[in-house]
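Read through the structure below, which is laid out as structure tokens, and then see the notes.
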Amino acid sequence: VGDTVSLATLGAQSNAAVKAAKTGHATADMGDQGSMEMDIDYSTNNFSMSMKTPDGVVQMLKVGQTIYMGGIPDLPAGIKYVKLTSDGDDPMSAMLKPLMGSMGQLSDPAVMLSAFEGVEAKVVAVDAGSTTYEVSLNAAQVAEMAKKALEKVTPSGSPLPTPTSATGTMTLTQTMDAKGLPLKVVMVTDEGGKTQTMTMVYSKWGEPVTIAEPPAAEVTTFAELQKG
């Protein structure tokens with residue numbers, strides 16, 4: 001306890017461990033913003049996600065280069081998902097296309113950690129089989145983190161607006177097991193005196209996950225919806 005290690009080093013260690021595990025499960029508590037549950041296949045970047053928000057429940061499946069969005073209101077009878085594809089010409093597909101190939105990485109804390117160079121994390125707890133690290137980031141570092149994290153998951157040559165400034169600070173606490181696999185991540189942000197906390201818990205590393213396309217009869221496209 002009290003020792004320091006660079007976030008880049010932690011990110012590299014975590015990235016190697018996640019790649020070796022290949023699959024995992026994550027839950028997130030976002031306070032009054034809702035909650036999320038997710039199965040991820042890091043070897044393919046496929047995932048299955050369910051998110052509860054104040055406006056309702058949203059589902060998202062990513063299989064290959066196709067995303068299925070569920071929980072959209074006023075869908076036709078029997079239809080549960082709207083399909084988005086990397087070659088789709090509807091506005092939603094176009095918006096998601098730059099991230100389609102690497103959206104699964106957005107749930108990987110290693111992507112965020114490895115975005116930093118020269119930032120040290122402090123060991124704040126050591127328990128049987130796990131170590132907890134903490135780091136405090138100022139507004140400029142938070143902005144740089146967001147920018148680099150987005151760059152890491154955006155295919156080369158694909159334009160994507162990235163934040164260049166921020167007014168909030170962040171405290172990041174991450175617990176990792178002996179292999180470097182994330183167990184828990186707590187992010188506390190403070191912007192304009194308003195504090196928000198997001199807690200992510202990771203489990204079931206290496207266990208089988210089922211991420212499959214929904215039945216075709218339950219799927220439509222935005223183009224079909226626009227036809228009425």
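Keep in mind that this is a model prediction, so the values were computed, not measured.
With rounding to the nearest 0.5 Å, the separation of CG in Leu10 from CD in Gln13 is 6.5 Å. Atom NZ in Lys122 sits 9.0 Å away from atom OG in Ser136 (nearest 0.5 Å). In this structure, Asp190 CG and Met170 CE are separated by 11.5 Å, a value rounded to the nearest 0.5 Å. Put simply, NE2 on His25 and OG on Ser203 are 5.0 Å apart, with the number rounded to the nearest 0.5 Å.
Residue Trp205 is not grouped with residue Val209 when hydrophobic side chains (ILVMFWY) are merged at heavy-atom distances under 4.5 angstrom, including chains of intermediate members. Transitive grouping of hydrophobic side chains (ILVMFWY, heavy atoms separated by less than 4.5 Å) keeps Val63 and Tyr42 in distinct clusters. The same ILVMFWY cluster, assembled from side-chain heavy atoms under 4.5 Å apart, contains both Leu181 and Val123. Side-chain heavy atoms closer than 4.5 Å link hydrophobic residues (I, L, V, M, F, W, Y) into clusters, and following such links, even through other members, never connects Ile67 to Ile211. By the criterion of side-chain heavy atoms lying less than 4.5 angstrom apart, applied directly or through intervening Ile, Leu, Val, Met, Phe, Trp or Tyr residues, Val185 is grouped together with Met198 in one hydrophobic cluster.
Proximity of Ile40 to Thr23: side-chain heavy atoms (C-beta onward) are nowhere separated by under 4.5 Å. Side chains of Leu84 and Met69 form a contact here, defined as non-hydrogen atoms less than 4.5 Å apart. Between Tyr68 and Val219, the closest side-chain pair of non-hydrogen atoms falls below 4.5 Å. A heavy-atom distance below 4.5 Å is found between the side chains of Gln196 and Gln33. Between Thr131 and Met176, every side-chain heavy-atom pair lies at or beyond the 4.5 Å cut-off. Counting heavy atoms from C-beta outward, Val82 and Leu225 have side chains that approach closer than 4.5 Å. In this structure, Val135 and Val119 have side chains that are in contact, with non-hydrogen atoms separated by less than 4.5 Å.
The main-chain N or O of Gly64 is found under 3.5 Å from a side-chain atom of Lys62 such that the two form a donor-acceptor pair.
Listed here is the closest heavy atom pair of Gln174 and Ser14: NE2-OG, 4.5 Å. Considering every non-hydrogen atom in both Thr85 and Lys83, the closest pair reads CG2-CG, 4.0 Å. The shortest heavy-atom contact between Ala121 and Leu7 is CB-CD2, 3.6 Å. Ala217 and Ile79 make their closest contact through O-CD1, 3.5 Å (heavy atoms, listed as atom of the first residue, atom of the second, distance). Closest heavy-atom contact between Ala28 and Met200: CB-CG, 3.8 Å. The heavy-atom pair separating Thr169 from Asn138 by the smallest distance is CG2-CA, 4.2 Å.
Within the structure, the salt bridge (charged side-chain N to carboxylate O under 4.0 Å, His left out) test picks out the following pairs touching residues 198-221 (sequence neighbours left out): Lys80-Glu218. For residues 175-187, the pairs satisfying side chain to side chain donor-acceptor pair (under 3.5 Å) are Thr132-Thr175, with sequence neighbours left out.
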Check the pair Thr171 / Glu134 against side chain to side chain contact (heavy atoms under 4.5 Å, CB included), numbers first and verdict last.
CA-CA 7 Å; Thr171 299; Glu134 184 177 280; 4.0 Å; yes

Evaluation steps, side chain to side chain contact (heavy atoms under 4.5 Å, CB included), between Tyr133 and Val5:
CA-CA 9 Å; Tyr133 305 88; Val5 60; 3.5 Å; yes

In sequence, state the C-alpha distance, the side-chain angles, and the governing distance for Met36 and Thr27, and then conclude on side chain to side chain contact (heavy atoms under 4.5 Å, CB included).
CA-CA 6 Å; Met36 179 271 289; Thr27 61; over 6 Å; no

Residue pair Leu61, Tyr81: steps toward the side chain to side chain contact (heavy atoms under 4.5 Å, CB included) verdict
CA-CA 9 Å; Leu61 292 169; Tyr81 296 92; 4.2 Å; yes

What pairs of donor and acceptor atoms, side-chain ones from residues 47-58 against any protein atom, are under 3.5 angstrom apart with sequence neighbours left out?
residue	atom	partner	partner atom	Å
Thr53	OG1	Asp55	N	3.1
Thr53	OG1	Gly56	N	3.3
Thr53	OG1	Gly56	O	3.1

